[in-house]
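The structure presented is a predicted model; accordingly, all values stated were derived computationally and were not measured. Positions are given from 1 along the sequence.
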Amino acid sequence: MKILVIGGGGREHAIVRKLLESPRVSKLYCAPGNGGISKDAECVPISAMDIPGVVKFAKENEIDLVFVAPDDPLAAGMVDELQKAGIRAFGPTAKAAEIESSKVFSKNLMKKYHIPTAAYEVFDDPSKVLNYIASRNTYPTVIKADGLALGKGVIIAENYEEAQDAVKTIMEDKKFGASGNRVVVEEFLTGPEVSVLAFTDGKCVKPMVSSKDHKRALDGNRGLNTGGMGTISPNPFYTPEIAEECMKTIFLPTIHAMNQEGRPFKGCLYFGLMLTKDGPKVIEYNSRFGDPETQVVLPRLKTDLVDILEAVIDERLEQQDIEWSDEACACVVMASGGYPEAYKKGIEIHGLNADGQVDGVTVFHAGTVWKDGKFYTNGGRVLGVTALGKTLDEALARAYSGVDKIHFDGAHYRHDIGK
């Protein structure tokens, strides 16, 4: 099979490397890819948002399957256009992807179908938001941009002044563009967070192994929210009993709700959960593999990924067995100095071999470029240094020893992933 993966980050590198393990894959392309991905697949200079360009390339190169990995092209309807052109694609349609691309849609869906989530209100007027927050006078409070914002459109305000700043940033300064035209204000939930990715064909749901993301930029869960600074799998808080409860109260009801709304969801559905004292609740949905959760979940997958993708597309997931390794996996993200705010690009990376790897770990490239025989930084999150181990401690020790071998000016990473 000839497969095209859309995207160019660490998640896509993890997907590419897992697809390479399949004996069914004869040729792998990635659009646009990155420096590290270029060592594993043929990178095609087509933007992940260039839907006509992707359709044209897939037709001309007789691509058997397109894996649309990022949120933006899914929300823009790339899967719809590929299907219209008769090309098999893995990922939800634009209508189904709205479960991620609109926080307002997803919160209203949960309210309508009694799926447990934080209490919330929706606003499109900055002054009304602030009046509501002032009248509630309960902190911390959570303020979310309605649309996609690179995983950074959520601000947790500890007091009224911070809420004012958040509303100004999102709704007036339009830091996230049109995504901030509406906001969701919701109660702050406490408890351990869990990320559960699930394969679904719109009828059957098969959850993957659990993971835990570390969102804040600095050690001790301090600093700004990022796209994710590291992950572990399995999540130690996610017990078989909780998994069973989530299946009954969240996973199956969500698939049912989407079907009822005429938006059947096929692809990978990501459940961001909080294990509160009142039981598991949904913090957010993503309509695709999470980044960097994919980097710790897919290395544990033993079943051929191509078989699973086809079972989802053909709506026969029920018949597809999916096996997972018992090993633990850990990923530590090495980021550019200044991330998640302003940072420099084009800084040489030292310590990687010619394939962009380091002995003893797998290095997933998130923001790199390969030129003149060297790797350079080309993004905020640069590398995801990942390792498997019999225990979580062993996986973490291996991942951190890999980090120690890699250097670039300004590199920063968290020292407490998995702690």
Side-chain angles (χ1 to χ4, degrees), residues 7-11 47-51 68-78 92 94 97-109 117-118 120-130 132-133 140-158 160-186 188 195 213-217 223-229 270 272 282-293 333 335-336 338-343 345 366-367 379-381:
R11 161 188 51 218
S47 150
M49 285 301 283
D50 180 358
I51 295 176
V68 186
D71 46 11
D72 290 335
L74 289 168
M78 184 176 280
E98 206 171 326
I99 198 166
E100 173 175 18
S101 65
S102 170
K103 299 277 188 294
V104 174
F105 169 78
S106 68
K107 293 295 288 191
N108 290 342
L109 182 87
T117 189
Y120 72 100
E121 293 292 336
V122 176
F123 299 93
D124 57 10
D125 175 340
S127 60
K128 287 186 176 155
V129 183
L130 291 170
Y132 171 73
I133 290 171
T141 192
V142 183
I143 302 160
K144 296 179 173 180
D146 173 37
L148 300 173
L150 297 170
K152 302 189 194 91
V154 177
I155 298 176
I156 297 165
E158 301 288 346
Y160 185 72
E161 287 67 38
E162 286 186 15
Q164 281 179 304
D165 289 346
V167 170
K168 183 176 183 300
T169 299
I170 296 172
M171 301 191 82
E172 291 169 8
D173 302 346
K174 291 278 191 265
K175 183 178 177 186
F176 309 113
S179 289
N181 291 347
R182 293 190 294 179
V183 297
V184 172
V185 178
E186 60 179 40
F188 180 76
S195 307
D213 185 14
H214 298 64
K215 277 277 185 218
R216 295 296 187 103
L224 293 167
N225 252 343
T226 70
M229 291 299 290
Y270 165 116
V282 178
I283 310 170
E284 63 169 357
Y285 295 110
N286 289 169
S287 60
R288 34 86 199 177
F289 275 89
D291 187 347
E293 290 89 350
V333 171
S336 295
Y339 174 79
E341 298 195 288
Y343 53 84
K345 293 183 181 180
R381 291 185 294 172

**Prompt:** Could you go step by step and tell me if N108 and Y120 meet the side-chain contact (heavy atoms from CB on, under 4.5 Å) rule?
**Reply:** CA-CA 9 Å; N108 290 342; Y120 72 100; 2.6 Å; yes
**Message:** Looking only at the side chains, is there a donor atom on one of Y160 and D165 sitting less than 3.5 Å from an acceptor on the other?
**Reply:** no
**Message:** If I take atom CD1 from residue I143 and atom CD1 from residue I133, how far apart are they, to the nearest 0.5 angstrom?
**Reply:** 4.0 Å
**Item:** Beyond-backbone contact of S336 with R381, side-chain heavy atoms, under 4.5 angstrom
**Value:** no
**Asked** Looking at side-chain heavy atoms only, is the closest gap between Y270 and S195 below 4.5 Å?
**Response** yes
**Fill in**
Of all heavy-atom pairs linking A75 and A94, the shortest is O-CB, 3.6 Å
**Request:** Report the distance from atom CG of D72 to atom CE of M49, rounding to the nearest 0.5 Å.
**Result:** 5.0 Å
**Prompt:** What is the minimum heavy-atom distance between A76 and I51, and which atoms define it?
**Reply:** O-CD1, 3.6 Å
**Asked** From R288 CZ over to D71 CG, what is the distance, rounded to the nearest 0.5 angstrom?
**Response** 4.5 Å
**Prompt:** With distance as the sole criterion, is a donor-acceptor pair present between the side chains of E121 and Y132 under 3.5 Å?
**Reply:** no
**Prompt:** So, are E186 and K107 salt-bridged, with charged N and O less than 4.0 Å apart?
**Reply:** yes
**Fill in**
What one should report as the nearest heavy-atom pair of A145 and I170 is CB-CG2, 3.9 Å
**Item:** Neighbour count >12 (heavy atoms, 6.0 Å) for atom NZ, K174
**Value:** yes
**Minimal non-hydrogen separation, P340 against L224, with atom names** = CG-CB, 3.7 Å
**Request:** To the nearest 0.5 Å, tell me how far M171 CE sits from F176 CZ.
**Result:** 13.0 Å
**Message:** Any side-chain to backbone donor/acceptor pair from D125 onto S127? Under 3.5 Å, distance only.
**Reply:** yes
**Asked** Hey, is D124 close enough to R182 for a salt bridge, meaning N to O under 4.0 Å?
**Response** no
**Prompt:** Is the shortest heavy-atom distance from the side chain of V154 to the side chain of V142 under 4.5 Å?
**Reply:** yes
**Request:** Please say which of V183, D146, L148 ends up in a side chain to side chain contact (heavy atoms under 4.5 Å, CB included) with K103.
**Result:** D146
**Item:** Side chain proximity check, I156 to R216, heavy atoms < 4.5 angstrom
**Value:** yes
**Message:** Please determine whether a side-chain nitrogen of the Lys or Arg among K215 and D213 lies less than 4.0 Å from a carboxylate oxygen of the Asp or Glu.
**Reply:** yes
**Prompt:** Would you call M229 and Y339 a side-chain contact if the rule is heavy atoms closer than 4.5 Å?
**Reply:** yes
**Prompt:** Any side-chain heavy atom of F123 sitting closer than 4.5 Å to one from V185?
**Reply:** yes
**Asked** At their closest point, which heavy atom of I99 faces which heavy atom of S287, and how far apart are they?
**Response** CG2-CB, 4.3 Å
**Asked** Heavy-atom distance under 4.5 Å between the side chains of E98 and P92, does that happen here?
**Response** no
**Asked** Is it true that a side-chain atom of S106 and a backbone atom of E100 form a donor plus acceptor pair closer than 3.5 Å?
**Response** no
**Request:** Can you see which heavy atom on V167 is nearest to which on V129, and at what distance?
**Result:** CG2-CG1, 3.7 Å
**Prompt:** So do the side chains of K144 and I155 get within less than 4.5 Å of each other, counting heavy atoms only?
**Reply:** no
